[in-house]
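Down below is the structure, laid out as structure tokens.
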2 protein chains.
Amino acid sequence: MKDPKEIFNCYCKSHGMRCTPERYIIIDEIFRIRGHFNIDELYLRIRKDYPHKKLSKGSIYRTIPHLVKAGLLRECFIDQGHSCYESALGAHHHEHLKCVRCGKILEFSSPRINTIEKNICKKLKFHMIEHSHVLLGYCVDCQADLPKKGVS
Amino acid sequence: MKDPKEIFNCYCKSHGMRCTPERYIIIDEIFRIRGHFNIDELYLRIRKDYPHKKLSKGSIYRTIPHLVKAGLLRECFIDQGHSCYESALGAHHHEHLKCVRCGKILEFSSPRINTIEKNICKKLKFHMIEHSHVLLGYCVDCQADLPKKGVS
DNA sequence: TTGTTATTGAGAATCAATTACAATAAGAAA
DNA sequence: TTTCTTATTGTAATTGATTCTCAATAACAA
């Protein structure tokens with residue numbers, strides 16, 4: 001019950017949806033990426049890995065929300081108008097750091113932040129579904145080019 | 001030196017920019033809102049509060065980035081394709097909770113989260129410029145309508 | 001007051017994401 | 001297997017927020 005496609009099968013059956021090769025390709029490619037991606041990157045990779053298959057962007061856009069609902073995928077943040085996704089399987093709740101210059105994404109997980117968040121929610125009687133936590137800045141490699149005024 | 005318009009005056013002078021009535025109106029309205037807003041809400045409020053002035057959305061879109069750079073405004077998160085802003089003056093770094101049903105925005109500030117973030121950045125040698133931290137879920141008032149499956 | 005040029009409003013352009021639609025194919029039932 | 005229903009597909013058009021273009025206007029230094 002850990003195989004993404006099996007999970008998605010169950011989701012499809014319980015939602016009157018069909019298992020199509022297009023959807024399997026999308027799932028396979030997503031779990032081959034093992035990292036963060038946006039729709040365009042996913043589309044390009046599928047085109048490269050399945051040169052004989054014409055899989056349209058439309059199908060990707062239509063499939064993604066199902067994968068999110070099925071608990072396979074997570075939208076982690078929005079980067080300059082592009083939604084950024086990552087696998088939601090076997091991954092702890094974690095936070096992201098994104099370099100605004102080279103685009104590199106670092107991750108960190110902090111149980112303490114999770115605890116704080118839970119306490120806040122309890123205090124405010126807020127029922128949390130998801131969270132998005134991104135730090136924007138410059139990674140080590142890009143700090144050399146930092147203008148002085150960028151530093152506060 | 002706490003008046004937003006004065007701060008913006010300095011910013012303009014040091015950037016070869018001009019102080020126009022349009023920009024003053026935008027600043028005034030933003031600091032009258034005292035809360036979160038998106039471009040459309042701001043535009044509508046200005047239309048209502050300055051019925052004789054034709055201020056275009058284009059001007060708002062063009063002014064906002066300057067206000068952000070001048071340290072007057074902060075983009076706190078993106079909500080369903082709408083950038084959400086808030087005043088950056090006299091406000092501590094804080095986090096947001098947004099009700100996905102009624103749209104209400106709650107705030108909380110946590111020095112401990114700030115400390116944790118700083119430690120992470122130090123460890124990863126990451127130069128943080130800004131951060132975005134939103135919890136999405138249901139506020140007290142909207143939890144009654146929660147479908148069972150929504151609760152995890 | 002004049003001249004330079006930053007800024008404006010209006011509308012066109014852009015771009016990610018969504019949707020419409022006719023053709024296709026998944027999958028249940030015969 | 002074949003048939004039938006209808007979910008899904010690819011294509012192309014559409015949406016909606018944001019950005020850009022451009023001629024007219026106006027800020028502000030001289």
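Note on naming: letters A, B, ... go to the chains in the order of the sequence lines (proteins, then strands), and numbering restarts at 1 for each one.
- One interatomic measurement links the two molecules: OH of A:Tyr43 to C1' of C:dC15, which rounds to 16 Å at whole-angstrom precision.
- Mapping A:Cys19 and B:Glu22 onto DNA chain D by nearest heavy atom places A:Cys19 closer to the 5' end of the strand.
- The side chain of B:Ser56 approaches C:dG9 more closely than any other nucleotide in the set C:dG9, D:dT9, C:dA6.
- Distances shorter than 4.0 Å separate some side-chain N or O of A:Arg23 from OP1 or OP2 on D:dT8.
- Counting distance only, with no hydrogens placed and no angle test, the side-chain atoms of A:Arg62 and the base atoms of D:dT9 include no donor-acceptor pair under 3.5 Å.
- Comparing D:dT18, D:dA27, C:dT8 by their nearest atom to the side chain of B:Ser83 picks out D:dT18.
- Here the C1' atom of nucleotide C:dG9 and the NZ atom of B:Lys57 are 14 Å apart, to the nearest Å.
- Here B:Gly81 lies in heavy-atom contact (under 4.0 Å) with sugar-phosphate atoms only.
- Closest contact between the side chain of A:His82 and the listed nucleotides C:dA16, C:dA17, C:dA25 involves C:dA16.
- Remark: P of C:dT24 and NZ of A:Lys54 are 16 Å apart, rounded to the nearest angstrom.
- To the nearest 0.5 Å, atoms CZ (B:Phe77) and OG (A:Ser132) are separated by 10.0 Å.
- Rounded to an integer number of Å, the gap from A:Tyr24 OH to C:dG27 C1' is 12 Å.
- Within 6.0 Å of CZ in A:Arg32 there are more than 12 heavy atoms belonging to other residues, nucleotides or ligands.
- The B:Pro21 side chain lies nearest to D:dA27 when the options are D:dT18, D:dA27, C:dT8.
- Each of A:Met17 and B:Met17 was assigned the nucleotide of DNA chain C with the nearest heavy atom; the assignment lying further toward the 5' end belongs to B:Met17.
- Distances shown here put every side-chain N or O of B:Thr20 at or beyond 4.0 Å from the OP1 or OP2 atom of D:dA26.
- Taking atom CD of residue A:Gln80 and atom C1' of nucleotide D:dT18, one finds them 13 Å apart after rounding to whole Å.
- The CG-C1' distance, from A:Leu42 to C:dA17, rounds to 15 Å in whole Å.
- Of all nucleotides listed (D:dT5, C:dT8, D:dG10), D:dT5 comes nearest to the side chain of A:Arg18.
- When atom types are taken as modelled, the side chain of A:Asn38 and the backbone of A:Glu41 share a donor-acceptor pair closer than 3.5 angstrom.
- Residue A:Ser59 places no side-chain N or O under 4.0 Å from the OP1 or OP2 atom of D:dT8.
- By the 30° and 60° cut-offs, the orientation of the rings of A:Phe8 relative to A:Tyr11 is parallel.
- Nucleotide C:dA25 holds its C1' atom 15 Å from the CG atom of A:Leu55, rounded to whole Å.
- The closest donor-acceptor contact from the side chain of A:Gln143 to the backbone of A:Tyr138 lies under 3.5 Å.
- With hydrogens and angles left out, the side-chain atoms of B:Glu86 and B:His96 include a donor and acceptor closer than 3.5 Å.
- Summarising the geometry, the separation between NZ on B:Lys13 and C1' on D:dC28 is reported as 11 Å, rounded to the nearest angstrom.
- Residue B:Tyr61 has a polar side-chain atom (N or O) positioned under 4.0 Å from OP1 or OP2 of D:dT18.
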